[in-house]
Structures are given as C-alpha cells and as structure tokens.
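The sequence lines fix the lettering, A, B, ..., with proteins before strands; numbering per chain opens at 1.
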Protein chains: 2
Amino acid sequence: MKAMDQYQIFVVDDHQLFLDGMIRILEDEADFAIAAFFNNGNEVLHALNRTIPDLIILDVQMSGIDGISLCEEVKRRFPEIKVLFISMFEQSNVILNCKTAGAEGFLPKTSDAAIVKDTIRKIIRGETVYLKNTEKLEKKKVIFPTSIFLLSNREKEIIRLIKSGNTSKTIADILSISEYTVQTHRKNIFKKLGLVSMSELIAFAYDNGL
Amino acid sequence: MKAMDQYQIFVVDDHQLFLDGMIRILEDEADFAIAAFFNNGNEVLHALNRTIPDLIILDVQMSGIDGISLCEEVKRRFPEIKVLFISMFEQSNVILNCKTAGAEGFLPKTSDAAIVKDTIRKIIRGETVYLKNTEKLEKKKVIFPTSIFLLSNREKEIIRLIKSGNTSKTIADILSISEYTVQTHRKNIFKKLGLVSMSELIAFAYDNGL
DNA sequence: ATGTAAATACCTGAAACTAGGTATTGCAGC
DNA sequence: GCTGCAATACCTAGTTTCAGGTATTTACAT
C-alpha cells in the first residue's frame with residue numbers, strides 16, 4: 001500500500017466525517033499515502049516522534065489545541081514539514097494568521113476535491129498556495145500597525161491558546177514548556193499591552209483577529 | 001448505475017469538500033444512489049420538481065436558505081421525503097430545532113462514515129435517529145448563536161459585566177447583590193451554554209454581540 | 001394548586017489566575 | 001564586545017474562579 005515514492009500525509013480535523021471523506025478522496029491518488037489522521041490536534045505532536053510526514057492538512061478551529069498554534073509548534077520542531085490549512089473560515093485575518101504561522105497554503109472548505117489534490121502537489125513541489133488577495137492584506141497591516149506588533153510569535157501563540165479556553169497548565173503541556181514559563185509569558189503580554197485581566201486579553205485577541 | 005431498489009439520496013452542504021467526501025462514502029454502498037448534490041439550499045426545491053428522493057441530507061448552516069427552513073419547506077410540500085441533518089453544531093437547542101422542523105434524524109460532523117450509513121438505513125426503514133445524551137452534548141465547546149435565547153436578562157447583564165473585565169465581587173457591588181449570587185448566576189450560565197471557563201464565556205459574548 | 005423558571009443567598013475546597021520578584025541562555029544588531 | 005530582546009524557569013503571596021452542594025422567594029403558566 002505504502003511505497004517510497006508516495007507523499008506521506010497527516011490529516012487533522014475534529015470532524016470525523018470530513019476525515020473519512022478526505023481519506024477516500026486522497027486514496028484515489030497513487031502518489032498520496034495517508035500516514036495518519038487525527039480528530040484532535042493534541043496527539044499530532046506525539047505522532048511526529050514516530051513518523052515525519054511530507055505534509056500535514058490542518059483545520060483552524062479544533063477542540064484542544066487550535067490549528068494555528070499547532071502549525072507554529074510543528075514548524076518550530078520540524079521546519080521541513082509542509083502545512084496546508086483547510087478551514088470553513090475565509091476571513092482575511094484568519095488566512096493571514098495561517099501564513100504568519102508558517103503554513104504553505106490555505107484552502108476554504110468550499111473548495112472541491114480536485115483543487116485540494118492539485119494544491120497538495122503544488123505545496124510538496126515547493127510552491128505556496130494562498131488566495132491572491134493576501135498581498136494586499138499584508139500591506140494594509142503594515143499601513144495600519146497596532147500594538148499587536150509589540151508581541152512576539154510565542155506570545156501570540158499563547159494568546160490564541162488562552163482564547164481557546166486552555167489553562168496555563170494545559171498550554172504548558174501542549175507546548176512542552178514549564179507552567180512557570182507560560183505564566184511569565186502571560187505577565188509579559190499584560191505588561192506590553194497594558195491589560196489587567198483575562199477578559200481584556202480575550203477582547204484584544206478578538207479585536208485583532210488572533 | 002441507478003436501479004429501482006436503490007435509495008435515492010440528495011446531499012446538500014455548502015462545503016464542496018464535505019460533498020465530495022460524502023459522495024465517495026455513499027457510493028461504496030450498493031443500496032445507495034446519490035440522485036443529486038447541491039452546495040446551497042436554493043436549488044433543492046427546484047430539483048424536487050424532477051426527482052423525489054427517499055432522503056435528503058442537510059447541513060444546518062448554509063449560505064442562502066438555511067437547512068432548518070429548507071427542511072420545513074420540503075416537509076410541507078413532500079412529507080414522505082425523509083430528512084437527516086448532519087451539522088457541525090451539537091447544541092441541544094439546534095437539535096431540537098431540527099426535530100421541530102420535522103427531520104427524522106440528526107448527526108454531528110464528528111460522527112464517522114459507518115454511523116452515517118447506518119443512520120441512513122434506519123431512517124429509510126422508518127426509524128428516527130437522535131442522540132439520547134443531550135446533557136453530554138451541552139458540555140461540548142461549539143457555540144451556536146441561538147444559545148443566547150437560553151439566557152435570562154439578568155444572566156446576559158452579568159455576561160456583559162464579566163466581558164468588561166469585572167470580577168464577581170465588583171459585579172456584586174455594581175448590581176447591589178451578594179457576591180454569592182453573582183457566582184450562582186455564573187454557574188447557571190456555564191451550565192446553560194456548556195462552558196467551562198471565563199475565556200469561553202467571553203468568546204461567547206463576542207460571538208453573540210453581547 | 002402545582003409546577004417551573006428566575007433571582008436571590010450561603011458554604012467549602014480545589015484549581016487557576018494575578019502580581020511582585022530573580023535569573024539564565026541564546027541570538028541578532030550595532 | 002555590548003545591548004537588548006525572546007524564551008525559558010523558579011518562588012511566594014494573595015485573589016479569583018470553578019464545581020459541588022443546599023435553599024428561599026417571587027412570579028407566571030397549565
């Protein structure tokens with residue numbers, strides 16, 4: 001079934017039906033091999049200790065760790081793994097966040113199977129696949145800077161995890177760092193942004209499309 | 001391809017990838033025939049002038065006409081057509097709305113292919129398929145906008161105050177009630193909406209424009 | 001009148017957050 | 001070589017939230 005010349009692919013989505021569908025769509029193709037699939041993000045990092053796929057297909061919104069944080073963590077540990085987001089969201093800030101997290105591509109779930117297959121091949125060949133209008137978006141962001149640029153990538157990652165409802169302890173587990181470190185990041189975020197409570201932090205996250 | 005003893009099925013979902021996946025999942029089965037599929041609800045009623053399927057699979061949230069309204073209209077004109085909802089939402093009030101609209105079943109998108117096939121056969125045989133454990137469902141994290149109607153005015157007031165960064169003690173002062181009462185309201189809100197933390201509560205407030 | 005929902009209030013223990021620190025390592029820029 | 005930032009880690013003390021209860025009053029509807 002699996003051969004050396006096949007692309008190894010991970011698929012991560014908390015909708016099992018979407019996974020079942022993707023498996024059937026991808027197994028039609030001789031050059032794809034689904035190395036593994038997951039219905040939540042937490043197990044993915046562990047699985048990478050055993051198998052290094054060529055590409056990971058991720059959803060943005062998942063229970064537990066969100067797709068963007070997962071992408072950043074994957075890229076930090078294994079920069080050679082390509083990441084393609086397939087999400088029901090199509091807002092420009094979501095797409096931009098995926099790009100910033102280091103993903104090679106973004107597709108909406110309204111895409112069809114042919115586009116997905118095509119995009120996977122492009123990304124593995126080294127291309128990046130985003131909707132054309134992201135260039136404009138990035139220029140906009142430069143023209144209208146906000147205090148979000150005070151934050152490091154790690155800090156933004158932690159904000160997203162807080163926003164998803166994770167406690168400091170859970171975040172520490174997900175990122176494989178100490179709970180103390182997470183608390184330090186929190187304090188630094190508060191200081192940089194002039195916040196005093198979690199509610200203000202989450203308000204900031206929403207207002208800035210994190 | 002199509003035979004008289006096959007069940008004629010319509011599939012309606014605005015995520016083309018979900019459609020592509022469902023087509024492959026269902027075409028594995030000899031007793032199913034996908035009579036037609038649609039990525040929005042508007043064309044469905046028109047198509048019913050030419051073909052009357054045994055069952056229609058619907059998403060709740062779609063662009064154009066939403067799934068529940070479509071279900072009501074289908075049932076009004078063709079009460080013999082069975083309807084199965086497959087949705088990313090799992091809130092009990094959403095399921096209840098589907099039931100009220102006359103649907104024979106509801107499945108979350110976290111279900112797997114085997115469950116879907118099984119459910120389709122049950123429904124066509126005349127059974128109805130709803131999840132029994134709606135209490136557990138309410139603990140899930142996905143929030144549906146109409147959940148807000150579960151809340152009393154006082155509860156919404158307290159959510160707004162929490163969102164503004166107030167602690168239970170401050171809210172108690174503002175409303176001239178006991179801090180214990182605020183905590184009770186908080187717990188009731190969590191229970192009604194299936195939340196477990198303040199961050200989720202604030203996320204809810206944002207998503208619902210509170 | 002009986003049941004249900006809303007709003008109120010109290011108690012406790014455990015978990016999580018907030019705020020004040022200190023401190024080391026590594027890396028990029030001047 | 002020095003500076004500054006990012007990321008890491010630890011400590012303590014105090015505050016707040018979270019989860020399990022119980023319980024009373026008012027009010028509205030079947």
Side-chain angles (χ1 to χ4, degrees), chain A residues 45 64 69 72-77 79 100-102 147-205, chain B residues 92-93 96 135-136 138-141 147-205:
Chain A
L45 293 169
S69 299
E72 282 177 346
E73 196 58 19
V74 166
K75 283 288 178 178
R76 198 179 65 76
R77 298 198 204 169
T100 310
S147 50
I148 195 171
F149 293 110
L150 294 169
L151 299 173
S152 69
N153 289 329
R154 195 56 147 177
E155 286 164 349
K156 282 185 273 189
E157 191 173 8
I158 284 171
I159 290 181
R160 276 192 293 272
L161 289 166
I162 292 172
K163 187 188 147 196
S164 307
N166 295 290
T167 66
S168 295
K169 189 168 166 47
T170 320
I171 294 170
D173 287 343
I174 290 170
L175 300 180
S176 299
I177 56 177
S178 162
E179 190 182 339
Y180 289 123
T181 307
V182 178
Q183 286 170 358
T184 303
H185 283 308
R186 273 181 106 117
K187 281 187 289 190
N188 291 336
I189 291 165
F190 282 175
K191 203 173 180 183
K192 283 184 180 178
L193 302 179
L195 310 174
V196 293
S197 68
M198 193 156 65
S199 54
E200 289 184 342
L201 179 58
I202 293 167
F204 175 88
Chain B
S92 54
N93 62 328
L96 197 60
E135 273 77 53
K136 276 185 192 165
E138 277 165 324
K139 296 212 167 138
K140 290 271 180 167
K141 296 192 174 180
S147 300
I148 196 171
F149 297 118
L150 295 169
L151 299 173
S152 71
N153 290 330
R154 194 58 148 178
E155 286 164 348
K156 281 185 270 190
E157 192 173 7
I158 284 172
I159 289 181
R160 279 190 291 267
L161 289 165
I162 292 172
K163 185 189 149 194
S164 306
N166 296 291
T167 66
S168 295
K169 188 170 167 47
T170 322
I171 294 170
D173 287 342
I174 292 170
L175 300 178
S176 299
I177 57 176
S178 162
E179 190 183 338
Y180 290 123
T181 307
V182 178
Q183 286 171 358
T184 302
H185 282 308
R186 218 186 242 263
K187 281 187 290 190
N188 290 335
I189 292 166
F190 282 176
K191 202 172 181 186
K192 284 183 179 178
L193 302 179
L195 310 175
V196 294
S197 70
M198 190 161 67
S199 53
E200 289 182 340
L201 180 58
I202 296 168
F204 174 87

Q: Side chain of Ser178(B) only, please: which of dC10(C), dC10(D), dT8(C) is the nearest?
A: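 Minimum distance to the Ser178(B) side chain belongs to dC10(C).
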Q: Taking only side-chain nitrogens and oxygens of His185(A), does any of them come within less than 4.0 Å of OP1 or OP2 of dA7(D)?
A: no
Q: May I have the distance from Ile159(A) (atom CD1) to dA7(D) (atom P), rounded to whole angstrom?
A: 12 Å
Q: To the nearest 0.5 Å, tell me how far Glu200(A) CD sits from Ile202(B) CD1.
A: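 So the gap between those two atoms works out to 9.5 Å.
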Q: Below 3.5 Å between N/O atoms, which protein atoms pair up with nucleotides 16-20 of chain C? Just atom names and distances, please.
A:
| from | atom 1 | to | atom 2 | distance (Å) |
| --- | --- | --- | --- | --- |
| dC17(C) | OP1 | Arg186(A) | NH1 | 3.4 |
| dC17(C) | OP2 | Ser168(A) | N | 3.0 |
| dC17(C) | OP2 | Ser168(A) | OG | 3.0 |
| dT18(C) | OP1 | Met198(A) | N | 2.9 |
| dT18(C) | OP2 | Arg186(A) | NE | 3.4 |
| dT18(C) | OP2 | Arg186(A) | NH2 | 3.3 |
| dG20(C) | O6 | Lys187(A) | NZ | 2.1 |

Q: Report the distance from atom CZ of Arg154(A) to atom P of dA7(D), rounded to the nearest whole Å.
A: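 So the CZ-P distance, Arg154(A) to dA7(D), works out to 8 Å.
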Q: Lys191(B) has an atom NZ; how far is it from atom C1' of dG20(D), in whole Å?
A: 11 Å
Q: Using a 4.5 Å cut-off on heavy atoms from C-beta on, say whether the side chain of Asn153(A) contacts that of Lys156(A).
A: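 With C-beta onward as the side chain, the pair touches.
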Q: Could you tell me the separation between the CD1 atom of Ile171(A) and the P atom of dA7(D), rounded to a whole number of Å?
A: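 The answer, rounded to whole Å, is 15 Å.
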Q: Starting at atom CG of Asn153(B), determine the distance to atom C1' of dA5(C), rounded to an integer number of angstrom.
A: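 Atom-to-atom, Asn153(B) to dA5(C), this comes out as 13 Å.
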Q: Do any side-chain atoms of residues 173-185 of chain B form donor-acceptor pairs under 3.5 angstrom with protein atoms, and if so which ones, sequence neighbours left out?
A:
| from | atom 1 | to | atom 2 | distance (Å) |
| --- | --- | --- | --- | --- |
| Ser178(B) | OG | Tyr180(B) | N | 3.0 |
| Thr184(B) | OG1 | Tyr180(B) | O | 3.0 |

Q: If only side-chain N and O atoms of Thr181(B) are considered, is one of them under 4.0 Å from the OP1 or OP2 phosphate oxygen of dA9(C)?
A: yes
Q: Mind checking what makes side-chain contact (heavy atoms from CB on, under 4.5 Å) contact with Arg186(A), not counting sequence neighbours?
A: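 Applying side-chain contact (heavy atoms from CB on, under 4.5 Å) to Arg186(A) gives Ile162(A), Ser168(A), Met198(A).
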Q: Once you round it to whole Å, what is the distance between C1' of dT8(C) and CG of Leu175(B)?
A: 12 Å
Q: Quick one: Lys156(B) NZ to dA7(C) C1', roughly how many Å, whole number?
A: 15 Å
Q: Could you give the CD1-to-P distance, from Ile189(B) to dA5(C), as a whole number of Å?
A: 17 Å
Q: Bend across the helix from dA1(C)-dT30(D) to dC30(C)-dG1(D), to 10°, with axes taken over 5 pairs at each end?
A: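 The angle, to the nearest 10 degrees, is 50°.
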Q: To the nearest 0.5 angstrom, please state how far the CG atom of Leu193(B) sits from the CG atom of Leu201(B).
A: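 These two atoms lie 7.5 Å from each other.
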Q: Taking all atoms of both residues into account, what is the closest heavy-atom pair of Ser164(B) and Ser199(A), and its distance?
A: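 In this case the closest contact between Ser164(B) and Ser199(A) is C-OG, 4.4 Å.
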Q: Salt bridge (charged side-chain N to carboxylate O under 4.0 Å, His left out) with Glu73(A): which residues, sequence neighbours excluded?
A: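 For Glu73(A), the residues satisfying salt bridge (charged side-chain N to carboxylate O under 4.0 Å, His left out) (neighbours in sequence not counted) are Arg76(A), Arg77(A), Arg154(A).
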Q: Quick one: does any side-chain atom of Asn166(A) pair with a main-chain N or O of Ile171(A) as donor and acceptor, under 3.5 Å?
A: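 Checked: no pair found.
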Q: What heavy-atom pair brings Leu151(B) and Phe204(B) nearest, and what distance separates the two atoms?
A: CD1-CE2, 4.1 Å
Q: Pairs under 3.5 angstrom, nitrogen or oxygen only, protein versus nucleotides 25-28 of chain D, please.
A:
none

Q: Looking at Lys163(A) and Ala205(A), what are the two nearest heavy atoms and their distance?
A: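 Shortest heavy-atom contact: CD-CB, 3.8 Å.
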Q: OP1, OP2 of dC11(C) versus side-chain N and O of Tyr180(B): anything below 4.0 Å?
A: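 For dC11(C), OP1 or OP2 has a side-chain N or O of Tyr180(B) closer than 4.0 Å.
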